[in-house]
2 protein chains.
Amino acid sequence: MDRAEIDQVRRFNRTVTERVGVLHDHYLGRDRPVGEARLLWEIGEQGQDVRRLRERLGLDSGYVSRLLRSLETDGLVTVEPQPRDRRVRTVRLTDAGRAERAALDRRSDELAGSLLEPLNAAQRVRLVAAMAEVDRLLTAATVALDGADPDHPDAQHCLRSYFTELQERFETGFDPARSLLPDAGELRPPHGLFLVARLHGEPVGCAGLKLPPGAPAEVKRMWVAPHTRGLGLGRRLLAELESRAARHGHDVLRLDTNKALGAAIGLYHSYGFEEVTAFNDEPYAHHWFEKRITTASSE
Amino acid sequence: MDRAEIDQVRRFNRTVTERVGVLHDHYLGRDRPVGEARLLWEIGEQGQDVRRLRERLGLDSGYVSRLLRSLETDGLVTVEPQPRDRRVRTVRLTDAGRAERAALDRRSDELAGSLLEPLNAAQRVRLVAAMAEVDRLLTAATVALDGADPDHPDAQHCLRSYFTELQERFETGFDPARSLLPDAGELRPPHGLFLVARLHGEPVGCAGLKLPPGAPAEVKRMWVAPHTRGLGLGRRLLAELESRAARHGHDVLRLDTNKALGAAIGLYHSYGFEEVTAFNDEPYAHHWFEKRITTASSE
DNA sequence: CCGGTTCTCTGACTAGAGTCAGAGAATGGA
DNA sequence: TCCATTCTCTGACTCTAGTCAGAGAACCGG
């Protein structure tokens with residue numbers, strides 16, 4: 001990371017916190033404390049459990065309770081116990097609350113507009129494009145990769161999505177029973193491992209690795225959520241698997257894949273995999289890839 | 001301004017305030033309230049008058065006074081009356097203060113680094129480039145254009161810089177006495193007007209307009225500070241002058257310029273001016289331009 | 001139906017970031 | 001010289017945005 005890069009990031013931080021930050025408070029904190037506004041926003045059109053709200057915003061339970069009471073006395077929300085578990089309470093917007101939320105929405109639009117307003121059309125196009133790029137890359141940088149048990153709810157969520165997607169995309173559909181599926185034991189230590197990628201706590205990708213002693217390490221069940229594609233997440237998962245495989249003493253990484261998964265095949269090529277002849281008889285595979293790995297590899 | 005643009009700006013605002021904002025507080029507000037840290041930073045290496053500090057940060061005088069006392073009791077600054085006007089007080093960093101400020105500097109670097117850290121080299125390059133673009137265009141959008149009297153200190157500052165620059169850039173140097181200079185009266189109502197562009201309150205550009213009844217309006221003394229060039233500020237000044245000239249009933253805008261000012265000549269061409277034969281005998285002019293204007297023109 | 005757990009609420013605090021109204025010293029202009 | 005103005009400081013508040021420690025209701029498993 002060189003000096004010029006750091007300096008540019010600092011200039012960016014300064015300009016943005018000044019310009020966006022100040023306007024943000026000006027527009028959104030107008031007649032309601034920011035905390036309440038955030039809460040109002042997060043409740044959403046269909047209501048939310050208090051517990052989920054707390055998690056999403058990372059706030060103290062006492063604090064949320066107080067904020068909600070304040071919104072309630074203003075007639076913006078109703079709080080009622082859930083029928084099936086009366087400890088949990090559900091918040092719902094009243095009509096007034098919905099109106100207030102719409103007002104916040106309008107203000108966010110105004111804020112965005114006020115940033116663009118002084119610029120001419122050409123500048124606007126360039127600013128929006130640059131913002132999209134910053135947004136995309138900062139989001140990419142926010143995704144965290146962690147080891148997880150394949151039975152963890154987040155891992156399960158990813159795997160279900162993965163199978164659903166295979167079912168939709170494979171010409172022949174996908175029936176887990178017909179495939180060479182590793183059982184969960186093969187994807188947890190000491191026989192392998194499983195990674196989950198999370199964005200703001202939500203699972204958005206996964207990848208498994210089999211580590212058979214004396215044989216090549218094998219990538220299994222790599223999946224990236226559709227809304228986070230294009231962030232380089234697949235590449236990051238591969239890199240992480242590769243370095244972990246190397247740390248476990250493996251010097252070859254391999255995988256098989258279906259011809260319907262074009263983007264993945266492209267990634268394997270560009271990441272340094274080479275196509276090889278079939279090393280298993282997975283009925284859903286059309287391509288088999290291998291990559292020689294070294295401990296020093298870092299991307 | 002279309003919906004897609006607004007939405008992208010809103011996504012950007014959200015990502016950036018979350019990612020940069022949260023880290024900002026985490027890194028910079030570590031062992032010192034953000035208010036004090038900002039002040040410490042703004043005092044700078046060579047010290048500042050309390051009054052200027054207040055202006056720069058837009059804070060209440062009582063509040064600043066209290067913050068300074070707190071920094072003083074921590075041994076980070078000294079506050080002393082200015083010798084020439086003992087009402088005004090000057091703040092200076094002590095050695096401890098300088099060390100603390102250096103620590104803040106390091107943290108800003110760390111913050112910047114932490115944004116780049118999860119990305120690979122290619123992504124980093126793209127992020128930094130996009131940040132530079134956003135920074136540049138948001139800065140451009142922050143510049144305010146206001147009418148001003150040509151004798152106003154900010155206008156005078158611009159004009160002095162303008163003349164100095166002409167002196168340096170013209171092959172023959174520049175001697176105001178030899179040039180066809182409008183007197184200040186011609187650049188203030190009702191005979192004309194004068195615009196000053198300001199960034200965070202600092203003058204960074206100017207432009208004058210002569211409005212002789214029954215004759216073409218004439219652009220005079222247009223200047224943009226070197227560090228704000230490339231922001232489209234010249235174009236904005238021209239557009240503003242054009243619309244004001246139109247509002248005063250003029251339908252032609254004209255100007256003369258020196259061959260040394262290549263960027264300006266390029267701007268005049270691209271803005272829609274056409275070169276014409278000399279309409280005056282300004283000794284420093286090599287090119288004369290004219291543009292037909294309409295009331296409806298907007299850029 | 002008992003005991004531990006989960007979930008929400010209340011009360012009691014704290015710190016930060018300001019705002020507002022003077023008071024009191026210095027200064028500058030008539 | 002004196003009066004208005006400028007500049008800084010002090011005291012007295014306010015509002016956000018939390019944190020922490022229980023208390024009490026509801027639920028769940030054995």
Side-chain angles (χ1 to χ4, degrees), chain A residues 17-18 21-22 24-43 47-74 77-92 104 153, chain B residues 17-18 21-22 24-43 47-74 77-92 104 153:
Chain A
T17 48
E18 265 182 24
V22 169
H24 185 267
D25 294 354
H26 173 70
Y27 278 100
L28 301 186
R30 209 133 58 178
D31 32 39
R32 189 161 294 288
V34 181
E36 287 183 19
R38 267 204 298 164
L39 202 55
L40 206 51
W41 185 258
E42 208 63 44
I43 290 166
Q48 277 287 332
D49 293 351
V50 172
R51 176 147 142 273
R52 256 189 89 66
L53 277 179
R54 239 185 12 238
E55 272 169 19
R56 290 271 284 252
L57 295 168
L59 300 175
D60 175 86
S61 80
Y63 184 36
V64 168
S65 173
R66 228 174 299 272
L67 287 173
L68 284 177
R69 260 225 321 196
S70 150
L71 291 176
E72 207 174 3
T73 58
D74 287 359
V77 303
T78 56
V79 184
E80 280 173 1
Q82 245 190 22
R84 46 176 60 179
D85 181 347
R86 294 193 358 259
R87 290 170 305 181
V88 181
R89 312 197 70 188
T90 303
V91 194
R92 245 175 272 279
L104 284 174
Chain B
T17 48
E18 265 182 24
V22 169
H24 185 268
D25 295 353
H26 173 70
Y27 277 102
L28 301 185
R30 209 132 59 177
D31 31 41
R32 188 161 296 287
V34 180
E36 288 183 18
R38 267 204 299 163
L39 202 56
L40 206 52
W41 185 257
E42 208 62 45
I43 289 166
Q48 277 287 332
D49 292 351
V50 172
R51 177 148 142 273
R52 257 191 88 67
L53 279 179
R54 240 186 9 240
E55 273 168 18
R56 290 272 283 254
L57 296 169
L59 300 175
D60 176 85
S61 79
Y63 185 36
V64 169
S65 174
R66 229 175 298 273
L67 287 174
L68 284 177
R69 260 223 323 194
S70 151
L71 291 176
E72 207 175 2
T73 58
D74 287 359
V77 303
T78 56
V79 184
E80 280 172 4
Q82 245 190 23
R84 49 176 57 179
D85 181 346
R86 289 186 12 249
R87 290 171 305 185
V88 180
R89 313 197 70 189
T90 302
V91 195
R92 245 175 272 281
L104 284 174

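Here the structure is a predicted model, which is why all the values come from computation and not from measurement. First the proteins, then the strands, lettered A, B, ... as listed; each starts at 1. The basis for the numbers below is simple: all heavy atoms, side chains too, and nothing from hydrogens, waters or symmetry mates.
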Positive for side-chain contact (heavy atoms from CB on, under 4.5 Å) with A:R38, one of A:L59, A:L104, A:L53: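 Answer after filtering A:L59, A:L104, A:L53: A:L59.
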B:V50: which of B:V91, B:V88, B:I43 passes side-chain contact (heavy atoms from CB on, under 4.5 Å):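 One option only clears the test, and that one is B:V91.
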Closest to the [X] side chain, choosing from [options]:
X: B:V34; options: D:dT19, C:dA17, C:dT8; value: C:dA17
X: B:R87; options: C:dA17, C:dC9, D:dT6; value: D:dT6
X: B:D60; options: C:dC20, D:dT8, C:dC9; value: C:dC20
X: B:P33; options: C:dA17, D:dT8, D:dC9; value: C:dA17
X: B:R86; options: D:dC7, C:dT27, C:dC9; value: C:dT27
X: B:R54; options: C:dC9, D:dA17, D:dT8; value: D:dT8

Separation of atom CG in A:L67 from atom P in C:dT8, rounded to whole Å: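 Atom-to-atom, A:L67 to C:dT8, this comes out as 14 Å.
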B:L57 CG - C:dA17 P separation (whole Å):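 Going from CG in B:L57 over to P in C:dA17 covers 12 Å.
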Side-chain N or O of B:R84 closer than 4.0 Å to phosphate OP1/OP2 of C:dT27: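 Checking B:R84 against C:dT27: no side-chain N or O falls below 4.0 Å of OP1 or OP2.
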N or O in side chain of A:R69 less than 4.0 angstrom from C:dT10 OP1/OP2: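 For A:R69, the contact criterion (side-chain N or O under 4.0 Å from OP1 or OP2 of C:dT10) is met.
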Base, sugar-phosphate alone, or nothing: which one does [X] contact when heavy atoms must sit under 4.0 Å apart?
X: A:G62; value: base
X: A:L59; value: sugar-phosphate
X: A:D85; value: sugar-phosphate
X: A:R52; value: nothing

Partner of B:D85 under side-chain hydrogen bond (donor to acceptor under 3.5 Å, both in side chains), chosen from B:R87, B:Q82, B:R89: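 Among B:R87, B:Q82, B:R89, the one that satisfies the side-chain hydrogen bond (donor to acceptor under 3.5 Å, both in side chains) with B:D85 is B:R87.
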Any side-chain heavy-atom pair of B:E72 and B:V77 under 4.5 Å: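 Result yes, sub-4.5 Å side-chain heavy-atom pair found.
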Heavy-atom donor-acceptor pair, A:R66 side-chain to C:dG11 base, under 3.5 Å: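 A donor-acceptor contact between them is present.
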